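Reviewing the structure listed below.
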Amino acid sequence: MTKNPVAPSLRPSGLATLEMRLAQDREWLGWPPAAWMPQRPLHEGLSTLDVAIIGGGQAGLAAAAALGRQGIRAVVFDRAPADFEGPWATTARMETLRSPKELTGPALGLPALTFRAWFEAQFGAPAWVALDKIPRVQWMDYLRWYRRVLSVDVRNETAVTAVVPRGDGMVLLALRSPQGDSQVLARRVVLATGRDGLGGPALPGFLRQLDRSKWAHSSDVIDYGRLAGLRVGVVGAGSSAMDSAATALESGAQSVDLLIRRDDLPRINKAKGAGVPGLTHGHFDLPDELKWRVRHYINASSVPPPHGSTLRVSRHPNVRFNFGCRVDGVRQDGSDLRVTTPKGEFVLDFLIVSTGFMIDWHARPEYASIAPHVRAWSDRFSPPAGQHDQELADSPDLGPIFELGEKTPGGCPGLDRIHCFNYPATLSHGAVSGDIPAISDGAQRLAVGIASLFYQEDFEYHYGRLEAFDLAELAGTEWVRAPAPPLAPPPPLALAPPAGDVARGVQPT
Ligand SMILES: Cc1cc2nc3c(=O)[nH]c(=O)nc-3n(C[C@H](O)[C@H](O)[C@H](O)COP(=O)(O)OP(=O)(O)OC[C@H]3O[C@@H](n4cnc5c(N)ncnc54)[C@H](O)[C@@H]3O)c2cc1C
């Protein structure tokens, strides 16, 4: 009897084997294609990039990889240190992803680039079967591998501090890194800046009169250890609210009060129900009213917190789920926070608001020069009565390649060189620009579209290359020219056809 119960075919093959297969797959697919983009010399002493991507989270990585597949080189800038881009290993607090493990995420159609391939190569097929949901930090490990194996050019610890379209075919980016300040020009810029990437946390007005040390937004980097022994209030009941509450409880909070405006938790994740290929590929082409209707319906239905995250909170005896508790006001009384709700007053030591994110271009200094010019949906669309939705109203009104549009024609030449590939693109394009399920579809749409724009812009260059193209496929030795035929006798004189034939439409030959 064998000592190893795992059949040889089920043993993990290791990442090295997977990477060889991936390299082979890419070679078979002709990825990348032969170089076709014009070389760009220094312009005004600055490097000129074909595409600069701001943000090296999964959207930025997928966009860079999809562009690479089209033979377009992209440089990614991220202010985070290497391997700590996005929320997964920084501010996120859930134990596992919400997404089902089978989703192929940023794999761009390559089986060997999926999370599953990466996981099975290291831990084996039985471990995959046993896996329930993807652990949060393991997803980050997969993204780290993805970046490395595809050689995505990410410049970490580099904040983009200004994005300035110049109207001459270039967008100027100001950069700040530990090496100092610098500038770069890019022909196209992709904003892969994440869920809060066109604004920041949505902060309720009642926070204004409180000491900053008395509250945090759930997306802040929070030292939960300092909540030990405190009475903590968590405003909201979405996924992040549950994650914050659970982490506070696990860190020894004396009590946690969830202050939930609704009278009940939503049960159904309508966003999941919406995710069919027809929506992924067809949302952009829907009439405005239907785009608005579907996104507003999903927003208004609210996404429930995941089952596991909710149990992670409710298993603690010192948590209270307070429904119907809209926060009407908060007063600081010494070190106490007195929180007024329709169900009475709560006396707390610390508040975590899990109130989501808002779009506000003016809140981000890097967008100062474009903020007044970006066309939002509210600039040209009025929703039907009863469908008001601030998030949708503030969403940028994007073109087919995620490009920004001007509020006033001519107001900001070159604005359409900036492509918005983050969550706020959802109303225009559907959920293809941030979340795991359709990120590859969005990245491919973006990359193919940018390839087309470059070709149109560089048409004379490509035409010149076409004229100069002299790769002969025939040497002229592949056939024998037939001798000229003997001189043919002169044709007989043509006779005029009988009148009846002309009348019937018969033409002389
Ligand atoms: C807590 C949490 C849990 C989630 N769980 C799931 C889930 O289970 N399934 C799912 O499908 N989705 C989930 N999402 C939604 C979505 O998948 C994530 O938000 C994901 O991180 C989006 O990837 P991204 O690349 O768009 O943005 P991010 O991962 O946020 O990356 C954006 C990057 O841009 C960089 N950046 C921004 N501005 C600048 C600048 N000016 N200069 C330089 N760098 C800049 C940031 O440093 C950041 O690294 C979750 C989101 C959160 C917040």
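These numbers were taken from a predicted model, which means no experiment stands behind them. Values below: all heavy atoms of this structure, side chains included; hydrogens, waters and symmetry mates excluded. Order of listing sets the numbers, starting from 1, for every ligand and every atom in it.
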Just let me know how [X] lines up against ligand 1, side chain, backbone, both or neither, with a heavy-atom cut-off below 4.0 Å.
{"X": "Ala192", "answer": "backbone"}
{"X": "Ile54", "answer": "side chain"}
{"X": "Arg98", "answer": "both"}

Quick one: which of Met94, Gln58, Lys272, Arg364 has a heavy atom closest to atom 3 (C) of ligand 1? Met94
Judged by heavy atoms only, the candidate from Ala92, Gly60, Ser99 nearest atom 10 (C) of ligand 1 is Ser99
Give me the one residue out of Phe123, Tyr146, Tyr142 that meets ring pair (Phe, Tyr, Trp, His ring centres under 6.0 Å) with Phe115. Tyr142
May I ask whether [X] has any heavy atom positioned less than 4.0 angstrom from an atom of ligand 1?
{"X": "Arg136", "value": "no"}
{"X": "Ala62", "value": "no"}
{"X": "Asn422", "value": "no"}

Under 3.5 Å donor-acceptor, Arg155 side chain and Ser177 backbone: no
Please name the pair of heavy atoms, one in Pro305 and one in Arg98, separated by the smallest distance, quoted to 0.1 Å. CA-NH2, 4.2 Å
Tell me whether Glu85 has any N or O atom under 3.5 angstrom from an N or O of ligand 1. no
Is the shortest N/O to N/O distance between Gly55 and ligand 1 below 3.5 Å? no
May I ask you to say whether Arg176 pairs ionically with Glu366, meaning some side-chain N is under 4.0 Å from a carboxylate O? no
Subset of ligand 1 atoms that lie under 4.0 Å from at least one heavy atom of Arg195: 15 (C)
Arg295 NZ/CZ over Trp292 ring centroid, <6.0 Å and within 45° of normal: no
